[in-house]
Structures are given as C-alpha cells and as structure tokens.
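Below is one structure; the comments refer to it alone.
Just so you know, these numbers use all the heavy atoms, side chains as well, and skip hydrogens, waters and symmetry mates. Residue indices begin at 1 and follow the sequence shown.
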Amino acid sequence: MKHLHHPLVGDLAQPYEAMGLPSGPGLRLNFCTPEPDSREREALGLLAGWASTGAVVPSRRDRSGNDRSGNDRSGNG
C-alpha cells in the first residue's frame with residue numbers, strides 16, 4: 001500500500017504493483033490501482049478531470065496563508 005497526500009484531495013492510500021525493468025537493474029515501474037468505488041478512485045477521477053480540461057486548479061491555502069495548490073506563477077514554487 002502506497003500512502004500519498006495531495007493538497008487538494010487529501011490522503012490517498014493506493015494499492016500498487018511493481019514490475020522490474022529488464023533494461024536496467026534496480027529500475028522498476030509502479031502501477032497504482034485504486035479500488036473500484038473507493039474515495040481514492042473518486043479523488044483521482046476528480047484530478048484527472050481537471051487535468052484533461054486544462055482548468056486552473058482552485059487555490060487551497062494553508063494556515064499561514066500560503067498557496068498549497070501548486071498554482072504559484074511567480075516562478076518561485
């Protein structure tokens with residue numbers, strides 16, 4: 001189980017499988033596979049929908065007022 005945190009959709013627990021790559025010792029490809037009808041599948045679907053439309057992701061500010069969405073356009077983030 002791989003545990004991830006995304007600033008907009010929160011914590012995600014993803015079952016995954018790893019496949020070794022024959023082209024490079026020590027290299028592997030991980031496949032995350034959310035369970036059907038899970039909160040993780042819904043969250044990833046929401047993120048995929050935003051990505052496919054090119055929509056600007058809404059800002060989410062932390063307690064200090066910093067933008068945590070990854071929308072920093074100043075070149076500093």
- Identify the heavy atoms of Arg41 and Pro34 that sit nearest to each other, and give their distance. NH2-O, 2.7 Å
- Task: Write down the atom of Gln14, the atom of Cys32, and the distance for their closest heavy-atom approach.
- Result: OE1-CB, 4.0 Å
- Task: Assess whether atom CG of Asn30 is packed by more than 12 heavy atoms of other residues, nucleotides or ligands within 6.0 Å.
- Result: yes
- Students should find that the hydrophobic cluster of Leu21, defined by side-chain heavy atoms under 4.5 Å apart, otherwise consists of Met19, Leu27, Leu29, Phe31
- Query: Which residue, Leu12, Val9, Thr33, forms the side chain to side chain contact (heavy atoms under 4.5 Å, CB included) with Glu40?
  - Reply: Leu12
- Query: Does His6 reach the side chain of Leu47, with side-chain heavy atoms less than 4.5 Å apart?
  - Reply: yes
